[in-house]
Structure formats: structure tokens, C-alpha cells
Amino acid sequence: MVREKLVKGFREGIVVPEGLIAHGRGEAFDYILGEKSRDFALRAERAAVALMMLSRKPVISVNGNAAALVAKELSELSDVLKVPVEVNVFHWSRERVERIAEWLKENGCKNVLYAGDAVIEEIEHCRRIVDKRGIYSADTVLVMLEDGDRCEILRRSGKKVIAVDLNPLSRTSKMADITVVNNVTRAIPEMVKFAKEMKSCSRDELKELVNSYSNESTIREALKAIADYVLSV
Ligand code: PTJ
């Protein structure tokens with residue numbers, strides 16, 4: 001079913017061929033992680049939601065694969081957290097960006113940014129094209145299925161980065177403030193659930209969740225989970 005969503009997205013011009021390759025890589029990591037949400041992923045998801053709730057101007061960055069896989073869930077997350085979704089893609093064309101934005105709107109997203117009216121100079125590829133009201137001025141960016149160098153540049157420009165990436169060894173995973181080593185198909189619905197539950201948390205409780213979080217531990221635990229799982233089968 002997941003593959004069918006991507007294939008449909010590909011036929012409709014939302015997903016690029018490279019996105020199908022990226023998904024295959026994700027599937028391989030998901031397989032050796034046991035295809036379930038691990039404790040370190042759930043902890044990262046809670047910390048991620050807390051960080052977004054504490055942020056002045058958070059934004060959810062969405063590319064072709066994410067839109068094809070979890071458009072409805074991203075719309076819900078955007079709604080619950082009152083955070084905009086920005087279409088930001090590696091393989092950019094005005095037509096493609098508009099198509100993804102339309103798809104997100106059809107799936108319930110009320111706050112979609114895709115103006116492409118600003119650039120982040122240091123980024124060399126098309127992900128440099130951003131929206132002034134979104135990634136450009138955001139203090140926290142949630143990214144998924146990300147290529148390595150943007151994460152580093154966003155962090156260098158003073159933004160907090162939350163990544164969802166099944167590969168704990170990727171540059172994005174290592175560079176992000178919070179890495180959710182989980183499949184977006186599980187991570188985003190879980191984050192919606194946590195966001196609803198955490199609405200009653202005080203700022204101090206949210207701060208405690210963020211401050212007690214260690215991304216280094218997450219990466220280490222993810223690698224250990226892979227090693228244990230692979231050796232146990
Ligand atoms: O839509 P565009 O134009 O922005 O293009 C997007 C792609 C996916 C082509 C681009 O971002 C890309 O090439 O990504 P990479 O470098 O292949 O990185 C994707 C990362 O996401 C890899 O580390 C994969 O393991 C991981 N990944 C793949 N599928 C999933 C995933 N992580 C979480 N959930 C998934 N379903």
C-alpha cells in the first residue's frame with residue numbers, strides 16, 4: 001500500500017524518480033529496525049513536538065515523498081500545532097511545487113506555503129528556494145527525507161532542525177537537533193497523537209522534555225537496535 005502511494009504520486013508528478021530510489025533505501029533501514037516505532041523514536045517524537053510548541057516560528061518542510069505518503073497526517077499535525085507546511089523540494093519546478101501544494105490542500109492542509117520568494121544563499125541546490133513567511137524566517141524546521149547539506153546550513157544559520165530519517169548514519173540524522181529514526185508513515189501520526197496529548201503541558205514541562213533529550217543517545221540507541229535485531233534473526 002505504501003509503495004502504491006508513491007507510485008501514484010510519481011504518476012501524478014508529485015514524486016520524482018529519485019524519490020522512489022530514496023524510498024527503497026528507507027525500506028531497507030526500516031527492515032533492519034524491525035519495522036516498528038522504537039523507544040528512542042517515540043522519545044524523539046515527543047521532544048520534537050515539545051520543541052515545536054516552544055518555538056516562536058516553527059514550520060513543517062514537505063517534499064514529494066512526504067506529500068505522497070502522509071499528506072493527511074501532515075495536515076493534521078499542522079492543524080494541531082498551528083504550524084504552516086511549506087513545500088520545499090530538491091527537484092524544483094514551479095509546476096511541481098504547485099501540484100504538491102494543491103495535493104496538500106486537497107488532503108486538508110489549510111496553511112500551505114510555496115511562494116518561492118526568498119533564497120537561502122548558502123544552499124547550492126533548489127532547496128535554497130524558500131518562502132519568506134516559512135523556512136526563511138523560521139526558528140525551527142521539521143524536515144523529512146532530507147539530503148545532508150541543507151540540515152547543516154539551516155543549523156549554521158541558527159535554526160533548530162528536527163529530522164525524520166530512517167537512516168541513523170545519514171549526515172542529516174547526525175546534524176539535526178532532534179532525529180526521529182522512524183518511518184514517516186508511523187512518525188507523523190504518532191506526533192499528531194503526542195501533540196494532542198501535550199496540549200495541556202506547561203512550558204516548563206515542554207522545556208524539560210527538550211532539555212533532557214540527547215540526539216547522540218538516539219543515534220547510538222538506533223545503531224544498537226539495528227545490531228541487536230540483525231543478530232537476533
Ligand atoms: O521531492 P524532492 O524533489 O525534494 O526529492 C526528494 C528526494 C527523496 C529525492 C531527496 O530528498 C533525496 O535524494 O533524499 P535522499 O538523499 O535519498 O535521502 C532520503 C533519506 O530519507 C534517506 O536517509 C532514507 O533512508 C530516508 N527515508 C526514505 N524513506 C523514508 C525515509 N525516512 C523516513 N521515512 C521514510 N518513509
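Note that ligands are numbered from 1 as they come in the structure, with each ligand's atoms numbered from 1 the same way. Quick caveat: nothing in here was measured; it's all calculated off a predicted structure.
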- Pairs where residues 91-130 contributes a residue and the test ring pair (Phe, Tyr, Trp, His ring centres under 6.0 Å) is met, not counting sequence neighbours: Phe90-His125

For [atom], which protein heavy atom lies nearest, and how many Å away is it?
atom                    : value
atom 21 (O) of ligand 1 : Leu145 CA, 3.5 Å
atom 16 (O) of ligand 1 : Arg25 NH2, 3.5 Å
atom 4 (O) of ligand 1  : Phe90 N, 2.8 Å
atom 5 (O) of ligand 1  : His91 CD2, 3.6 Å
atom 23 (O) of ligand 1 : Asp165 OD1, 2.8 Å
atom 7 (C) of ligand 1  : Asn63 ND2, 4.4 Å
atom 8 (C) of ligand 1  : Ala22 CB, 3.5 Å
atom 18 (O) of ligand 1 : Glu146 O, 3.4 Å

- Task: Would you check whether Ile14 has a nitrogen or oxygen atom less than 3.5 angstrom from a nitrogen or oxygen atom of ligand 1?
- Result: no

- Query: Side chain or backbone of Asn182 under 4.0 Å from ligand 1, or both, or neither, by non-hydrogen atoms?
  - Reply: backbone

- Query: What part of Arg96, side chain, backbone, both or neither, has a heavy atom within less than 4.0 angstrom of ligand 1?
  - Reply: side chain

- For ligand 1, which atoms, with element, lie under 4.0 Å from some heavy atom of Gly26? 25 (O), 27 (N), 28 (C), 29 (N)

- Glu86 side chain vs Ile135 backbone, donor-acceptor pair below 3.5 Å: yes

- So among Thr218, Asn215, Asn167, which one has a side-chain hydrogen bond (donor to acceptor under 3.5 Å, both in side chains) with Thr179? Asn215

- Query: Any link between Val112 and Val15 through a network of hydrophobic side chains (Ile, Leu, Val, Met, Phe, Trp, Tyr) touching at under 4.5 Å?
  - Reply: yes

- Query: When clusters are formed by joining ILVMFWY residues with side-chain heavy atoms under 4.5 Å apart, either directly or through shared neighbours, do Val85 and Leu142 land in the same one?
  - Reply: yes

- Query: So is Met144 close enough to ligand 1, meaning a heavy atom under 4.0 angstrom away?
  - Reply: no

- Message: If we count only non-hydrogen protein atoms and require a distance under 4.0 Å, does atom 13 (O) of ligand 1 qualify as touching the protein?
- Response: no

- Query: Do Thr185 and Asn183 get their side chains close enough for a donor-acceptor pair, meaning under 3.5 Å?
  - Reply: yes

